[in-house]
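Notes follow once the structure below has been shown.
Counting from 1, the numbers follow the sequence of the chain as shown.
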Amino acid sequence: MKYYLIAGEASGDLHGAYLIRALQQQDPTADFRCWGGDLMAEAGADVRKHYRELAFMGFAEVIRNLRTILRNFKTSKADVLTYQPDVLILIDYPGFNLRMAKWAHAQGIRVFYYISPQVWAWKSSRVKQIRAYVERLYVILPFEQAWFAERGVEVEYVGHPLLDVVADLPPVGDFRAQYGLDERPIVALLPGSRKQEIDRMLSVMLAVAQRFPSHQFVVAGAPAQAASYYQSLFVRYGLPSNVSLVENATYPLLRTARAALVTSGTATLETALLNCPEIVCYRGSSISYAIAKRIVKIKYISLVNLIVDQPLVLELIQHDFEANRLEQELQKLLTAAEQSRIKAGYQQLRQQLGGGGAADRTAKSMVQRLHTGATPPTTA
């Protein structure tokens, strides 16, 4: 069978790669074309457009890049029609993918959605689109199955794919020696994956780093950004002597670090599953934040706190994300008592997420559904 996948972010590329490999196990004759990234290409897909060309975040940023986004829709539709897939598999990235779902449904193309849009947080009206245009929705958070099922969506909970990613990690090795780091405790800096957010977040993180000379701070370079981009920011904001950059080593970094400052997103959950105490940070443009504040309907912005339904990790949002407050909170995070409290909460988080095997369960369900039009119940 022919599978066309669309992932618009680094996390979608990662989970898409796992899904492609799982589909190959279920369907040895499978052929894949996608919008994604290097990991999906390594898994065997023909990548037609890289996600680094699709990464627009925030309301204002989307408006400024509207012409490019509309051109991307046109290109994607044409490529799907040329390929004539048996199914279109959409991975998160809702602003783009829900429009593709509507179009594909009108073309008679079957549509599966893996890793649902977070419509339970905002834009809940989008659930109507999912119900109308998506044949099967595969969700990865425990509370999502009931939420979508109550609204008439064909849904399966398959478990969280990050559990498999973490389980598959090789031993860290001597991370400090590999990257020329000394024996001081490490604080990981994860300023995001898109240029807009990295620019906003990194200046504050660097300002705080210089106030902790007894620690070393390591910036995790995002896969889609060149080292030269970070170097340009270091020139602009100043590079404290205790700060360095590593590329393509975020997981080893988090497994070695004593603490992390993490921009809100999937990385907050990755950090928790790697057992690294964290502070969740976020600052958007003034316009985007003002709009989001009016329409987002959740108590927390981090996946960690949403899943355990309590403020396990601190969230510093918008005006609270500033150097003096961040310095105070990082000092607290580095204490033994706070480290123990958060790591105990991380154990509860893992229990709520259940076991691994999300991609395998999803692939089995998809292939069986494509062959028979139905699928057996799955459990995570």
Side-chain angles (χ1 to χ4, degrees), residues 1-8 12-37 39-49 76-94 96-117 127 129-140 144-145 148-149 151-161 164 356-380:
M1 287 193 177
K2 297 166 69 176
Y3 303 82
Y4 200 113
L5 297 85
I6 299 180
D13 179 39
L14 172 64
H15 301 316
Y18 268 77
L19 181 59
I20 287 169
R21 293 190 181 97
L23 286 167
Q24 289 168 338
Q25 292 294 316
Q26 297 293 324
D27 179 6
T29 64
D31 187 77
F32 301 94
R33 186 180 289 197
C34 73
W35 284 28
L39 297 177
M40 293 172 80
E42 291 171 9
D46 176 11
V47 178
R48 310 296 287 187
K49 185 176 282 288
S76 179
K77 292 172 184 178
D79 198 49
V80 171
L81 287 178
T82 299
Y83 185 61
Q84 287 293 300
D86 293 286
V87 64
L88 175 65
I89 300 175
L90 307 173
I91 304 174
D92 200 0
Y93 197 53
F96 189 92
N97 275 341
L98 284 176
R99 290 186 63 176
M100 287 299 296
K102 180 179 180 179
W103 170 83
H105 180 79
Q107 303 300 313
I109 300 171
R110 300 177 76 171
V111 179
F112 295 157
Y113 213 123
Y114 180 48
I115 307 178
S116 72
V127 75
Q129 296 172 267
I130 296 172
R131 186 170 59 237
Y133 308 126
V134 175
E135 180 178 330
R136 197 70 167 177
L137 176 66
Y138 299 89
V139 299
I140 64 172
E144 290 180 318
Q145 183 168 21
F148 282 104
R151 289 156 179 82
V153 176
E154 288 286 329
V155 61
E156 292 181 38
Y157 171 55
V158 294
H160 206 291
D164 291 320
D360 290 337
R361 278 189 288 273
T362 303
K364 183 176 181 180
S365 172
M366 286 180 173
V367 171
Q368 183 160 351
R369 192 171 188 90
L370 288 170
H371 280 298
T372 67
T375 182
T378 61
T379 57

Any sub-3.5 Å donor-acceptor pair from [X]'s side-chain atoms to [Y]'s backbone N or O?
X: Asp164; Y: Gly356; result: no
X: Gln84; Y: Val80; result: no
X: Glu154; Y: Val134; result: no
X: Asp86; Y: Met1; result: no
X: Asp92; Y: Gly12; result: no

Let me know which of Leu137, Leu370, Leu5 forms a side-chain contact (heavy atoms from CB on, under 4.5 Å) with Phe112.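 Running side-chain contact (heavy atoms from CB on, under 4.5 Å) over Leu137, Leu370, Leu5 with Phe112 returns exactly one hit, Leu370.
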Partners meeting ring-ring contact (aromatic ring centres under 6.0 Å, His included) with [X] (sequence neighbours left out):
X: Phe148; answer: none
X: Tyr3; answer: Phe32
X: Tyr18; answer: none

At what distance, to the nearest 0.5 angstrom, does NE2 of His105 lie from OH of Tyr133?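 Answer rounded to 0.5 Å: 7.0 Å.
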Looking at CD1 of Ile109 and CG of Leu88, how far apart are the two atoms once the value is rounded to the nearest 0.5 Å? 6.5 Å
Tell me, please, which residues at least two apart from Ala22 pass side chain to side chain contact (heavy atoms under 4.5 Å, CB included). Ala359, Asp360, Ala363
Using side chain to side chain contact (heavy atoms under 4.5 Å, CB included), reason through Ile115 and Tyr138 one step at a time and then give a plain yes or no. CA-CA 6 Å; Ile115 307 178; Tyr138 299 89; over 6 Å; no
Are any non-hydrogen side-chain atoms of Ile130 and Ser116 less than 4.5 angstrom apart?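 They are not in side-chain contact.
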Please examine the side chains of Ser76 and Ile6, heavy atoms only from C-beta on, and report whether any two atoms are closer than 4.5 Å.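 A side-chain contact exists here, since the closest heavy-atom pair is under 4.5 Å.
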Answer with yes or no whether the side chains of Trp35 and Tyr93 bring together a donor and an acceptor at under 3.5 Å. no
Considering residues at least two apart in sequence or located in another chain, which fulfil the side-chain hydrogen bond (donor to acceptor under 3.5 Å, both in side chains) criterion with Tyr83? Asp31
Excluding sequence neighbours, so at least two apart, what forms side-chain hydrogen bond (donor to acceptor under 3.5 Å, both in side chains) with Arg48? Asp46, Asp79
Atom NZ of residue position Lys77 - does it have more than 12 heavy atoms of other residues, nucleotides or ligands inside 6.0 Å?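 Counting neighbours around NZ of Lys77, more than 12 heavy atoms of other residues, nucleotides or ligands fall under 6.0 Å, so yes.
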Atom CD of Gln25 with >12 non-hydrogen neighbours under 6.0 angstrom: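 Open: at most 12 neighbouring heavy atoms sit under 6.0 Å from CD of Gln25.
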Non-hydrogen atoms of Gln24 and Gly44 that approach each other most closely: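 Answer, listing the atom of Gln24 first, then Gly44: NE2-CA, 4.3 Å.
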Charged N to carboxylate O below 4.0 Å: is that the case for Arg361 and Glu156?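 Glu156 and Arg361: not salt-bridged.
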